[in-house]
Q: 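Supplied in structure tokens, the structure appears directly below.
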Number of protein chains: 2
Amino acid sequence: MSEQAPKSAAEATPKRNTWQKDAVRHALSEATGFVSAQQLHSVLRNHGSTIGLATVYRTLTDLIKSGDADSLQSQEGELLYRACGTAHHHHLICRVCGRTVEIEADKVESWAENVAKEHGFSNTSHTIDIFGTCSACLS
Amino acid sequence: MSEQAPKSAAEATPKRNTWQKDAVRHALSEATGFVSAQQLHSVLRNHGSTIGLATVYRTLTDLIKSGDADSLQSQEGELLYRACGTAHHHHLICRVCGRTVEIEADKVESWAENVAKEHGFSNTSHTIDIFGTCSACLS
DNA sequence: ACCGTATTGACTATCATTATCAATAAGGTA
DNA sequence: TACCTTATTGATAATGATAGTCAATACGGT
């Protein structure tokens with residue numbers, strides 16, 4: 001509630017590099033589509049890592065904050081993560097096999113922005129995800 | 001694991017009417033915007049009802065299944081419910097005060113459908129929600 | 001009024017995620 | 001290189017939302 005250290009710019013957390021963070025980053029980038037924190041943890045353990053579950057969660061949260069990862073909630077309420085470039089995009093997800101297709105949706109992007117503006121909302125963000133059954137899983 | 005009663009058509013649950021179900025339905029329709037199951041339960045209790053939490057969850061789940069209510073997940077992962085007419089629509093939600101505006105989005109509706117089709121997905125559904133800060137909460 | 005059973009409610013179980021805290025190690029310094 | 005400060009880790013407990021259990025209750029047809 002008071003002015004303390006005049007932290008220069010957005011520099012407040014003197015991060016350290018650890019093999020754990022690299023491991024999570026790497027495992028996430030290897031994964032295809034979205035993975036849950038628990039899945040990532042299992043995978044890492046199966047590969048011989050001794051990383052802790054809490055650390056996986058922590059690292060994932062950091063990656064989201066830094067914009068290096070993307071997350072969405074599965075319909076069962078589980079949080080799913082995905083390594084992510086810088087571009088903002090959405091996903092088309094197969095309900096059966098989990099296959100994910102990235103969608104670029106400039107139109108919808110601006111539509112969302114406009115709708116919000118029309119109603120006097122600012123500082124907007126949105127959630128757009130499409131679920132369906134992919135052709136391979138249809139049979 | 002075996003064939004038992006050959007339940008005729010989709011008629012398997014001979015619902016009964018109880019004051020509890022009415023209470024939930026009513027409380028839900030009174031609520032403005034989205035409410036969580038726990039909130040509804042509190043409200044009902046505060047109004048003197050002795051309804052159980054489990055019953056609130058059960059009724060809400062039934063309302064969703066029967067299409068009489070709508071649900072979405074808050075960004076904290078909590079499920080929020082809302083009494084809902086038949087029309088499919090989306091929401092613009094104020095991050096600060098929770099005010100909700102219904103959006104009709106035919107364009108986006110069909111866009112989602114098309115994108116899915118283009119990628120060979122069928123039986124699609126989607127999640128589209130816009131979050132922002134409403135004008136009243138801006139100051 | 002009576003009876004069969006769907007429904008209730010208190011409680012427990014589950015499951016994902018977060019908080020706790022002592023032990024460890026990253027990385028700057030003498 | 002040895003040392004020291006403290007960010008980070010990991011095992012585990014805590015939390016919080018939701019689902020399951022089961023005996024007691026009450027709906028609704030007779």
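Lettering follows sequence order; numbering is per chain, from 1.
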Q: Does B:Gln20 put a side-chain nitrogen or oxygen below 4.0 Å from OP1 or OP2 of C:dG9?
A: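 Yes, B:Gln20 has a side-chain N/O under 4.0 Å of OP1/OP2 on C:dG9.
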
Q: Separation of A:Asn17 atom CG from C:dA25 atom C1', in whole Å?
A: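 Rounded to the whole Å, the gap is 13 Å.
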
Q: Could you give the OH-to-P distance, from B:Tyr81 to D:dA17, as a whole number of Å?
A: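 In whole Å, D:dA17 P and B:Tyr81 OH are 12 Å from each other.
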
Q: Has B:Arg45 got a side-chain atom pairing as donor or acceptor with B:Ile51's backbone, closer than 3.5 angstrom?
A: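 Confirmed, B:Arg45 side chain pairs with B:Ile51 backbone.
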
Q: I want to check one thing: is the phosphate of D:dA19, taken as OP1 and OP2, less than 4.0 Å away from some side-chain N or O of B:Tyr57?
A: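 Checking B:Tyr57 against D:dA19: no side-chain N or O falls below 4.0 Å of OP1 or OP2.
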
Q: What distance separates A:Leu72 CG from A:Ile128 CD1, expressed to the nearest 0.5 Å?
A: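 Separation between the atoms: 13.0 Å.
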
Q: Rounded to whole angstroms, how far apart are CD on B:Gln39 and P on D:dG16?
A: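 Those two atoms, CD and P, are 15 Å apart.
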
Q: For A:Ala54 and for B:Thr59, locate the closest nucleotide of DNA chain C by heavy-atom distance; then report the residue assigned to the nucleotide nearer the 5' terminus.
A: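 Closest to the 5' end, via its nearest nucleotide, is B:Thr59.
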
Q: Rounded to whole angstrom units, what separation is found between the CZ atom of A:Arg45 and the P atom of D:dT9?
A: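 The distance from CZ of A:Arg45 to P of D:dT9 comes to 14 Å, rounded to the nearest Å.
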
Q: Under 4.0 Å between any heavy atoms, over every strand shown, what does A:Ser36 touch: base, sugar-phosphate, or nothing? Just pick one.
A: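 No contact.
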
Q: Would you say B:Thr18 places a side-chain N or O within less than 4.0 Å of OP1 or OP2 belonging to D:dC27?
A: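 So the side chain of B:Thr18 is outside the cut-off, no N or O lying under 4.0 Å from OP1 or OP2 of D:dC27.
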
Q: For a quick test of reading the model, state the closest non-hydrogen atom pair linking A:Gln39 to A:Phe34 and the distance between them.
A: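 Smallest interatomic distance, heavy atoms only, reads OE1-O, 4.3 Å.
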
Q: Nearest nucleotide by nearest heavy atom, which residue falls closer to the 5' end of DNA chain D, B:Arg58 or A:Lys21?
A: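 Taking each residue's closest nucleotide, the earlier one in sequence belongs to A:Lys21.
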
Q: Between B:Trp19 (CH2) and C:dT8 (P), how many Å, whole number?
A: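 B:Trp19 atom CH2 is separated from C:dT8 atom P by 9 Å.
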
Q: Could you tell me how far apart A:Asp62 (CG) and D:dA7 (P) are, to the nearest whole angstrom?
A: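 Going from A:Asp62 (CG) to D:dA7 (P), I get 14 Å.
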
Q: Could you give the CD-to-C1' distance, from A:Gln73 to C:dA16, as a whole number of Å?
A: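 From A:Gln73 CD to C:dA16 C1': 11 Å.
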
Q: As a test of reading the structure: which of D:dA17, D:dT8, C:dA6 is closest to the side chain of B:Arg16, going by heavy atoms?
A: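 Closest nucleotide among those given: C:dA6.
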
Q: To the nearest Å, how far apart are A:Glu78 CD and D:dT18 P?
A: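 Rounded to whole Å, this separation is 15 Å.
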
Q: Which one of A:Arg58, A:Arg82, A:Arg25 satisfies the side-chain contact (heavy atoms from CB on, under 4.5 Å) criterion with A:Leu63?
A: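 Between A:Leu63 and the candidates, side-chain contact (heavy atoms from CB on, under 4.5 Å) is satisfied uniquely by A:Arg25.
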
Q: Between the side chains of B:Glu113 and B:His126, does any donor sit under 3.5 Å from an acceptor?
A: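 Not at all, the side chains of B:Glu113 and B:His126 share no donor-acceptor pair under 3.5 Å.
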
